[in-house]
Each structure stands twice: as C-alpha cells, then as structure tokens.
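As a basis for the values below, the full set of heavy atoms in this structure was taken, side chains included, without hydrogen atoms, waters or symmetry mates. First the proteins, then the strands, lettered A, B, ... as listed; each starts at 1.
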Amino acid sequence: MTTENSNLAGLDQRTIRIEKLKKLENMGINAYPHIFNPDFTSKALNEKYATLANEEQTEDEVKVAGRIRAIRNSGMFMDLYDDTGKIQIFSSLENLPQSEKDVLALLDLGDIIGVTGTVRRTKRGELSVATKHLDVLAKSLQVLPEKFHGLQDQDTKYRQRYLDMMINPDTTRTLIMRSQIISAIREFLNGLGFLEVETPILHPILGGANAKPFITHHNTLDMDLYLRIAPELYLKRLIIGGLPAVYEIGRNFRNEGMDTRHNPEFTMMELYWVYKDYNDMMDLFEQIVQYAAMKVLGTTTVSFDGKTFELGGHWPRRSMLDLVKEETGIDFEAFETNAEAVEAAKKLHVEVPENASWGLVVSTVFEEKCEHKLMGPIFVIDHPKDISPLTKEHRANKRLVERFEPFINTWEVGNAYSELTNPLDQRERLEEQVKAREAGDDEANMMDEDFVTALEHGMPPTGGLGMGIDRIVMILTGSLSIRDVIAFPTMRKK
RNA sequence: GAGUGUGUAGCUCAGCUGGUAGAGCAUCUGACUUUUAAUCAGAGGGCCCUGGGUUCGAGUCCCAGCACGCUCACCA
C-alpha cells in the first residue's frame, strides 16, 4: 500500500480527498465507523493535566476525538478541536508504526478523527496526546474556509451555517446563548406555575394580530389554511377552559418585508395569566428579561452596538399620548374629532389617510416622531382603543386601552394587554375589523365566531403578554441582524 | 417594493485610463522531527455570477437578469 499522493497532483481538492478515502478503504479502514468512545474532552484533559510540567511525559493512555483544524510539520503536530477547545496531537515518526504513518498521510484539514495515545506536554508548553493509534471517524470531502480570515461571505454564512459555526466561534456562541435564553424563560415561567402549551400553527381564521399571512392548503379538507400570525386566540380559549397561567414559545409567520429586524418566521413567547392586568404584565416582562440576562450574562447591564442598556430595576412607563405631546407639543387628547387629529398630523408632516381615526393618527404620529428616539428600556402604555381590537378598555379613559409595548434600542420587543373579556364588546370590535378588511385592509382581523362564543362562556380578568424572542436574543447577544440569532434564516432560492 | 454597493482559484482578497489572470491561505512534490497563522523551495489549480451589447480586443465600459449586503418603505 502506498502513501504516495503524487498521483493526485492537479486534481481538484474534492477529487483528491475521494482518492484518499479510497486508499483508506483499500487499507481496510472504514472512514465512517459506527462508534468511537473518547474518554476526555479538550477541557477535561486540560483540567486533569493542568499541573503537568513542560516536557513531562506520562504513560497515561487516553482516547480523544475532534476535527482536524491545523496540521504542522508534515503531520507531526495536529490541532484537534471539539466543542470545548483544542487538543494538540503529537505524532513522532520514530515511534509510529508504518500502518499509522500511512493513515496520517491520508488525513486532511476538516477530517474528524479519534486518537489513542499518551499524555505529555511539549517543551513549548502545549498539552498533547502522543499518537499510538489513529481512527478516522469521518473523512471530510470538502475544503474548510481559510483559517485566518475565516468565512466572510454572508450568503455562505447563512446558507451553510455549519461552516460559519465551525469557523466563527461567535456564531456558535450566539446560537448557544439563544438556547439558554429560551431555557431561562421556560425555567422562570414554570417556577411561577405556568403551563407550557401548544396551539395550532395552521389556522382556518386569521386573528390575534394585524399582519399579512402565508396561505397554504389542506388537500383532504380541501381548505385553505393560514400559518398563524399569532397564537393569541387559542391561548385565550385555554384560559376560558380553566387553565390559570399558560404560555407558548413558538414560530409565528408574517408575509411581510425582511430586514435586519424581520424574518418571515420568527419566534414569539405569549403568555396569559388570570386575575392579572397590564400593570402586572409590565412587572412580569421586566422580570423575565432580567432573569434571562442574569442567566446568560450574569448582569442586567448590557452592551449593544456601542451603547449600554440597564435592564435592571423598574423600567419607565410613559403613556403614548404624553410621549407624543412631549415630542410634538401637540396634545392629541384635546381633539374631539378625527378631522382635528388628521389636521394636526398634516401640520407635523405625518402622512395619514384622510379618513383616519383619532387613534390611528395618534399611533402613526407616535411611530413617526417618537419611536426612533426610544432607547429604553421603556414601556409605552395606554394605546388608542381603535387600533387595539383585543384589548380591554382603559379603566380611566374610554378612548384608550390598557396596553403596553416595551422598547429597547428603539425596537418594539413585545406587546401586552389587560385582555378584552367582554364578549359583546369583542364582537363589535371584530366587526369593525371585518369592515376594515372589506375596505381593503388585508391586515385586519377576521371574525372568529368560535372565539367570541368561547368568550361568551366567561373569561376571567386576564393579563396577556407577547415577547419577541429573536429581538431579545439580539439585545442579549449583541447581534446586529436577526439572521445572526436564527440558525437558518429565510433565504431566497438559489 | 425603491435606492445603493458587492459578485474574480476551495477560502480571504488585489486587478489603474480596455491589451491573453495575480497574491496569501488551502492543494500536490521536496526539505525540515522543529510546531502552534510553523518555515523554506517548486508545481498545479479560473465559464472573472449569467445573458446581451460597444470595440480589432471586455474581468474592466453599457444594458438586462440572478444572488447577497446596507439604507428606506411595510412590519414585530
């Protein structure tokens, strides 16, 4: 058997690797074996032999495994990486049997191997495993991106995320933190006695938010279905059924634009808690974010894009009308009619439809004039009633509802209410939505008779809260694009 | 959807006013039992995103398309 690779000259790198794979097979080696049991990770090995002196050699035989990320001195040194770090493999030509030398010559960067050998520390101080036996665990047929500059191409990073993860440690770190943040949220809510539930993703009727949907079709029922834009109306049915505290963490789908803060499918946490109102929800929102921040960062002081956010303590709570007044000098509360409000918006150079309602004007002016200044964290509270069809009327102001949106870094990171529980009121508001839809607003809610019927059976006073998980993860991980916190973001077909 | 930028070797990038394509890493060969972005010498490797056009001649200029980034619009 030859270890000579000169016959490979000029071939492309994948072909070369396939030829090497054939040579391994000809040597009776299965390059994709069923099992290998390493007894140390990089971290565990380094911890156990932390005190081993330079040039000290042990007789301790260990088995380690990982991906080859560097080969130096014609194979004498290899850097093996597992998820905990690096292990240097030392293969001395003097002590290595010919059969092992033959395997060594057929290894490439990117191959996953297992090494059986003895533990030593080199004179340069690098803890190493001195090879006795090499196992090929997976021959890699593809070339890894360059080690120094890494993988830069955004397209490849998103489409071949595994490469991004192998090469860029921050990518893996962010995805791990995402998982930890979601675990922390579950842990916190479960600790309060919440029940995690699952509700349908295929919805026959659109509801729970204002957004354009994805439409799909069920063949057997011969029926169009919507991918949910929000789980709200189903979660409320569970409250009506008697569950006192429920939450769901899952994907919502909205058929709208994509940018650094929007992905067509995104992860939302929604919860409902009986005998609570939106004030309680504000306390709860703060606590959830603070708990998650402490879990993954150990602090509630968060650095993001050169800015610092203090997420600890109570966040300011400011009414939308106050913020608009502060910013524009106009007190929209003083306007009795829609026309007056529209007139005022025009003076501010904020475009609104000629027939816009008072509430739509207020929220549009808020979005145009205030939102981009809200570094937060801050709760914007008490929204206009006519833009909030599922929210209970404000106990002190009939034109408003008990609703809030938390903002961090000018981003809306959630939405919460004292939930509307009056079925007759709910029916009227949904009828308004239906009218808006008929008038061409394809983001308006549809009439959900079954939901209103459920409400008619009686729903206790309830606080509800939605949290945009992706954006919270962005803030806590310092990610500038939502695509960096989603392992496989939506991409155009290539 | 609009504007704008990018697309060249497996990867990261050069390529000026148009003249037959370059580097580093990776690959192959050799040297070196030494290292840690190992080093040294040599070699191979290109549908220059796609399709049109201008030109004697296009990676380069023009038009269209595709993909991605950024900004804006819609939205969470």
Side-chain angles (χ1 to χ4, degrees), chain A residues 4-17 19-20 69-81 86-96 101 105 108-110 122-128 130 140-160 163-164 166-167 208-213 229-230 251-270 351 367-368 371-372 405-408 410-415 442-443 466-472 474 480-483 489 491-494:
Chain A
E4 170 80 14
N5 288 333
S6 56
N7 58 325
L8 305 177
L11 299 175
D12 71 82
Q13 297 194 43
R14 180 168 176 274
T15 308
I16 288 171
R17 288 176 179 226
E19 289 303 318
K20 288 179 178 176
R69 292 293 304 280
I71 301 176
R72 292 181 293 278
N73 295 73
S74 312
M76 184 183 188
F77 298 102
M78 288 189 288
D79 290 343
L80 225 56
Y81 278 78
K86 179 178 97 172
I87 305 168
Q88 179 166 275
I89 304 304
F90 175 80
S91 300
S92 152
L93 288 183
E94 288 142 28
N95 305 330
L96 210 57
K101 288 182 193 170
D108 285 298
L109 297 180
T122 65
K123 66 181 173 191
R124 298 289 179 94
E126 187 79 31
L127 189 68
S128 306
S140 168
L141 303 181
Q142 295 279 345
V143 184
L144 286 179
E146 196 211 3
K147 60 190 157 189
F148 189 56
H149 296 93
L151 181 63
Q152 299 297 331
D153 186 62
Q154 285 293 350
D155 192 28
T156 309
K157 284 170 71 135
Y158 294 140
R159 287 183 198 270
Q160 294 177 267
L163 280 180
D164 190 24
M166 281 181 221
I167 301 298
N210 296 346
K212 296 190 192 77
I229 57 173
R251 220 68 64 81
N252 287 350
F253 306 84
R254 299 191 184 173
N255 205 340
E256 283 159 356
M258 296 166 65
D259 59 32
T260 49
R261 284 175 292 287
H262 298 85
N263 197 63
E265 50 180 305
F266 64 101
T267 300
M268 182 88 118
M269 188 277 289
E270 271 198 30
E351 266 189 58
E367 283 164 16
E368 292 288 318
E371 214 173 270
H372 65 280
E405 291 175 316
F407 284 82
I408 303 174
T410 76
W411 304 343
E412 187 188 334
V413 292
N415 189 15
D442 54 2
E443 296 188 3
M467 179 182 284
I469 296 295
D470 307 283
R471 290 186 180 178
I472 294 292
M474 286 171 73
L480 296 174
S481 170
I482 195 169
R483 296 182 141 195
M491 300 293 282
R492 206 184 293 267
K493 200 159 107 188
K494 218 172 178 177

Self-check item: B/U4 pairs with, by Watson-Crick or G-U criteria that keep both distances under 3.5 Å
Solution: B/G69
Quiz item: Just checking A/Gly468: base, sugar-phosphate only, or nothing, at a heavy-atom cut-off of under 4.0 Å?
Solution: nothing
Exercise. Check the distance between B/C72's P and A/Glu367's CD and give it to me in whole angstrom.
Key: 15 Å
Quiz item: Is there any salt bridge (charged side-chain N to carboxylate O under 4.0 Å, His left out) pair reaching into residues 151-160 of chain A, and which pairs are they, with sequence neighbours excluded?
Solution: A/Asp155-A/Arg159, A/Asp155-A/Lys494, A/Lys157-A/Asp164
Quiz prompt | Upstream residue (5' side of RNA chain B) when A/Thr156 and A/Phe90 are each assigned their closest nucleotide | solution = A/Thr156
Exercise. Please confirm whether the backbone N or O of A/Gly466 pairs with a side-chain atom of A/Asn415, one donor and one acceptor, at under 3.5 Å?
Key: no
Exercise. Once you apply the 3.5 Å cut-off to both distances, tell me the Watson-Crick or G-U wobble partner of B/A23, or none.
Key: B/U12
Quiz item: A/Ile482 side chain: which of B/C74, B/A76, B/U12 is closest?
Solution: B/A76
Practice problem: With sequence neighbours left out, write down each residue that passes ring-ring contact (aromatic ring centres under 6.0 Å, His included) with A/Phe90, or none if nothing qualifies. | Solution: A/Phe77
What N/O pairs connect the protein and nucleotides 7-9 of chain B at under 3.5 Å? Give each pair on its own line.
none

Self-check item: Proximity to the side chain of A/Gln13 - top-ranked nucleotide from B/A26, B/A73, B/A76
Solution: B/A26
Quiz prompt | Span that lies between the C1' atom of B/C66 and that of B/G24, in whole angstrom | solution = 30 Å
Quiz item: How long is the line joining CG of A/Asp155 and C1' of B/G5, in whole Å?
Solution: 15 Å
Practice problem: Quote, to the nearest angstrom, the P distance that separates B/C40 from B/A26. | Solution: 11 Å
Quiz item: Quick one: which of B/U27, B/G10, B/U35 gets closest to the side chain of A/Lys123?
Solution: B/U35
Exercise. Using the P atom as the reference point in each nucleotide, state the distance between B/G7 and B/C25 in Å, no decimals.
Key: 23 Å
Quiz item: What are the two closest heavy atoms between A/Trp411 and A/Arg261, and how far apart are they?
Solution: NE1-CD, 3.0 Å
Quiz item: Just checking A/Arg14: base, sugar-phosphate only, or nothing, at a heavy-atom cut-off of under 4.0 Å?
Solution: nothing
Quiz prompt | Ring-on-base stacking B/A76 with A/Phe266 (under 5.5 Å, under 30°) | solution = yes
Practice problem: Could you please name the partner base of B/U54, counting Watson-Crick and G-U wobble pairs only when both distances are under 3.5 Å? | Solution: none
Quiz item: Can you list the steps and then say if A/Leu163 with A/Thr156 is a side-chain contact (heavy atoms from CB on, under 4.5 Å)?
Solution: CA-CA 8 Å; A/Leu163 280 180; A/Thr156 309; 4.3 Å; yes
Quiz item: Atom CZ of A/Arg492 to atom P of B/G65: distance rounded to whole Å?
Solution: 13 Å
Quiz prompt | Whether over 12 other heavy atoms sit under 6.0 Å from A/Arg69 CZ | solution = yes
Quiz item: If you measure from the P atom in B/U27 to the same atom in B/G19, how many Å do you get, rounded?
Solution: 34 Å
Quiz prompt | Whole-Å C1' distance, B/U54 and B/C62 | solution = 7 Å
Practice problem: Whole angstrom is fine here: how far is it from CD in A/Gln160 over to C1' in B/G10? | Solution: 11 Å
Self-check item: Separation between CG of A/Asp108 and CG of A/Leu141, rounded to the nearest 0.5 Å
Solution: 9.5 Å
Quiz prompt | Results of side chain to side chain contact (heavy atoms under 4.5 Å, CB included) for A/Leu96 - residues two or more places apart only | solution = A/Ser91, A/Glu100, A/Lys101, A/Leu104, A/Thr131
Quiz item: If we take the C1' atom in both B/G59 and B/A9, what is their distance in whole Å?
Solution: 14 Å
Quiz item: Across all strands, who's sitting opposite B/C48 as a Watson-Crick or G-U wobble pair, both distances under 3.5 Å?
Solution: none
Practice problem: Among the candidates B/U27, B/U35, B/C74, find the nucleotide nearest to the side-chain atoms of A/Ile16. | Solution: B/U27
Quiz item: To the nearest angstrom, how far is A/Arg69 atom CZ from B/U35 atom C1'?
Solution: 17 Å
Self-check item: Minimum heavy-atom distance between A/Phe266 and A/Asp470, given as atom pair plus value
Solution: CB-OD2, 3.3 Å
Practice problem: Examine the base of B/C11 for any acceptor or donor lying under 3.5 Å from a partner atom in the side chain of A/Asp153, and report the outcome as yes or no. | Solution: no
Quiz prompt | Opposite nucleotide pairing with B/G42, Watson-Crick or G-U, both atom distances under 3.5 Å | solution = B/C28
Practice problem: Could you check whether A/Leu109 gets within reach of a base, just the sugar-phosphate, or nothing at all, counting any heavy atom under 4.0 Å? | Solution: sugar-phosphate
Exercise. Examine distances only and state if a side-chain atom of A/Asp12 and a backbone atom of A/Thr15 form a donor-acceptor pair shorter than 3.5 Å.
Key: yes
Quiz item: With rounding to whole Å, what would you report as the distance between B/A73 and B/G52 at their C1' atoms?
Solution: 33 Å
Quiz prompt | Pairwise P distance for B/C49 and B/G3, with rounding to whole Å | solution = 23 Å
Quiz item: Taking the side chain of A/Thr260 as heavy atoms from C-beta outward, which of B/C68, B/U71, B/U12 is closest to it?
Solution: B/U71
Exercise. Pick base, sugar-phosphate or nothing for A/Asn255, based on heavy-atom distances below 4.0 Å to the nucleic acid.
Key: nothing
Quiz item: Between A/Met258 and A/Gly150, which has a closest nucleotide on RNA chain B that is more 5'?
Solution: A/Gly150
Quiz item: Considering residues at least two apart in sequence or located in another chain, which fulfil the side chain to side chain contact (heavy atoms under 4.5 Å, CB included) criterion with A/Glu126?
Solution: A/Lys86, A/Gln88, A/Thr122, A/Ser128
Exercise. Could you check whether A/Leu151 gets within reach of a base, just the sugar-phosphate, or nothing at all, counting any heavy atom under 4.0 Å?
Key: sugar-phosphate
Self-check item: Pair partner, B/C74 [Watson-Crick or wobble, under 3.5 Å]
Solution: none
Exercise. Any chance you could list the contact pattern along nucleotides 36-41 of chain B? Use B for base contacts, S for sugar-phosphate-only contacts and - for none, protein heavy atoms under 4.0 Å, 5' to 3'.
Key: BBB---
Practice problem: State which of B/C68, B/C11, B/A26 makes the closest approach to the side chain of A/Arg483. | Solution: B/C68
Self-check item: A/Met491, nearest nucleotide to its side chain (from B/C28, B/C68, B/A26)
Solution: B/C68
Exercise. Identify which nucleotide among B/A76, B/C13, B/G69 has an atom closest to any side-chain atom of A/Gln154, counting heavy atoms from C-beta outward.
Key: B/G69
Quiz item: CD1 of A/Ile167 versus C1' of B/G10: gap in Å, rounded?
Solution: 12 Å
Quiz item: Looking only at heavy atoms, what is the nearest atom pair of A/Met78 and A/Ile71, with distance?
Solution: CG-CG1, 4.0 Å
Practice problem: Round to the nearest Å and state the distance from A/Glu412 atom CD to B/C74 atom P. | Solution: 14 Å
Quiz prompt | Gap between atoms CG and P, on A/Asp259 and B/C68 respectively (whole Å) | solution = 15 Å
Practice problem: Measure the spacing between CE of A/Met474 and OG1 of A/Thr260 and express it to the nearest 0.5 Å. | Solution: 6.0 Å
